[in-house]
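One structure below.
Computation of the quantities below employed the complete heavy-atom set of this structure, encompassing side-chain atoms and omitting hydrogens, waters and symmetry-equivalent molecules. Positions are given from 1, in the same order as the sequence printed here. Computed from a predicted model, the values in this text were never measured in an experiment.
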Amino acid sequence: MKKCRKCGAVQSDDRTQCVDCGALLGAPMSDADESHADAALDDKLDRLADHAEDFHVSLRDKIFGILAILCIIAAVVLLNLAGVEKNKIPEPLSPEQIILNENISSAEISASRRHAALRRTLDQSRTAALCTVLVCSLAALLLLKPRLMWNLDTLKYRLFYNWDTPPTWLAVILRRVFAYIFLIGGVITAAYGYYLYL
């Protein structure tokens, strides 16, 4: 085999000019160089085959999947913080207690209203944290375990219809689109939950 010095293309020994760039080719490669070129070509073909696979998890998907997991952890921390803070706030007075007890001052009533507002805000913060856990869990699974999500999505067809087909290009694209939408939604709800908590 001969290797072009100009563009690096590898071609057969009977060629005198490079098929890619037209440069003149020199002497054939040694056996060691030829085996090294074959190994490099095999590695490149393996990488290309991996990237062409429908369920390939790219480096970007791994990074965003880890970000989704970090959002889940932040949301669980927020759930605990808001729960502890809510337990510290006394229960607000009910309207019946205010009507039946004439000894309650207006300061106690306004404090009760503040406590009720704080408890509602903490409940909203916990709801945002729960939404973050749900949405970021979906994003992490779609990004890091696409084959599992495809198998779950097509389970009914495989069980009842003996159906086993790879996803279409649209399904692969939509998986990533929905994963990123879920991740963005999770980050926003986590930020909103922390905003309410603070």
Side-chain angles (χ1 to χ4, degrees), residues 43-94 111-198:
D43 287 343
K44 187 171 186 174
L45 289 174
D46 287 342
R47 282 194 308 274
L48 287 173
D50 287 344
H51 288 287
E53 183 187 348
D54 293 325
F55 303 110
H56 173 70
V57 179
S58 66
L59 178 62
R60 182 182 63 226
D61 290 346
K62 289 177 186 175
I63 291 169
F64 283 116
I66 291 170
L67 177 64
I69 291 170
L70 291 175
C71 281
I72 293 168
I73 293 169
V76 169
V77 169
L78 178 60
L79 271 171
N80 290 330
L81 290 173
V84 168
E85 196 65 33
K86 183 180 175 185
N87 290 337
K88 291 179 184 178
I89 299 171
E91 288 284 334
L93 298 172
S94 68
S112 175
R113 287 183 182 153
R114 281 194 309 273
H115 293 158
L118 281 172
R119 290 175 74 86
R120 276 193 306 273
T121 302
L122 289 172
D123 283 339
Q124 290 172 348
S125 177
R126 293 179 75 193
T127 302
L130 284 171
C131 290
T132 300
V133 169
L134 176 66
V135 171
C136 284
S137 296
L138 284 171
L141 285 172
L142 284 169
L143 289 168
L144 299 175
K145 297 294 182 185
R147 184 178 301 276
L148 171 70
M149 295 304 287
W150 175 255
N151 287 336
L152 288 175
D153 191 32
T154 60
L155 183 64
K156 174 179 80 171
Y157 301 108
R158 287 183 288 111
L159 286 177
F160 297 112
Y161 303 111
N162 196 17
W163 180 78
D164 190 23
T165 185
T168 64
W169 62 271
L170 182 62
V172 172
I173 291 172
L174 287 177
R175 173 187 64 86
R176 285 204 170 110
V177 167
F178 282 116
Y180 291 127
I181 288 171
F182 289 148
L183 178 61
I184 290 167
V187 169
I188 290 170
T189 55
Y192 180 67
Y194 273 99
Y195 168 75
L196 289 174
Y197 175 74
L198 299 175

Open item on the list: Is the shortest side-chain heavy-atom distance between Phe64 and Leu144 below 4.5 Å?
Closed with: no
TODO: Decide yes or no for Leu122 and Ile89: does some side-chain heavy atom of the first lie under 4.5 Å from some side-chain heavy atom of the second?
DONE: yes
TODO: Quick one: pull up CG in Leu143 and CD1 in Ile63 and give me the separation to the nearest 0.5 Å.
DONE: 11.0 Å
Task: Ser125 to Leu196 - nearest heavy-atom pair and separation - done: N-CD1, 3.8 Å
Open item on the list: Would you call the rings of Trp150 and Phe55 parallel, tilted or perpendicular, taking 30° and 60° as the class edges?
Closed with: tilted
Open item on the list: To the closest 0.5 Å, what do you measure between CD1 (Ile73) and CG (Leu78)?
Closed with: 14.0 Å
Task: From CG (Leu141) to SG (Cys136), nearest 0.5 Å - done: 11.0 Å
Open item on the list: Just to verify, what does Arg119 make a salt bridge (Lys or Arg N to Asp or Glu O under 4.0 Å) with, not counting sequence neighbours?
Closed with: Glu91
Open item on the list: For Lys86, I'd like to know if atom NZ has over 12 heavy atoms of other residues, nucleotides or ligands within 6.0 Å.
Closed with: yes
- [ ] Write down the atom of Ala179, the atom of Ala139, and the distance for their closest heavy-atom approach.
- [x] O-CB, 3.4 Å
TODO: Give the minimum heavy-atom separation between Val135 and Phe182, together with the two atoms involved.
DONE: CG1-O, 2.6 Å
Open item on the list: If the condition is side-chain hydrogen bond (donor to acceptor under 3.5 Å, both in side chains), which residues does Tyr194 pass it with, not counting sequence neighbours?
Closed with: none
- [ ] Enter the distance from Glu85:CD to Leu118:CG here, rounded to the nearest 0.5 Å.
- [x] 8.5 Å
Open item on the list: Using every non-hydrogen atom in the two residues, find where Thr189 and Cys131 come nearest and quote the distance to one decimal.
Closed with: OG1-C, 4.3 Å
TODO: Check whether any side-chain heavy atom of Asp61 sits under 4.5 Å from a side-chain heavy atom of Arg175, and report yes or no.
DONE: yes
TODO: Specify the closest pair of heavy atoms between Leu79 and Ala129, including all atoms of both residues, with the distance to one decimal.
DONE: CG-CB, 3.7 Å
Open item on the list: Working to the nearest 0.5 angstrom, can you tell me the gap between Tyr197 OH and Leu81 CG?
Closed with: 4.5 Å
Open item on the list: Would you compute the distance between atom CD1 of Ile72 and atom CG of Leu67 and round it to the nearest 0.5 angstrom?
Closed with: 10.0 Å
TODO: Identify the two heavy atoms, one from Val133 and one from Ala75, that lie closest to each other, and give their separation to 0.1 Å.
DONE: CG2-CB, 3.6 Å
TODO: Indicate yes or no: at least one non-hydrogen side-chain atom of Leu134 is less than 4.5 angstrom from one of Leu130.
DONE: no
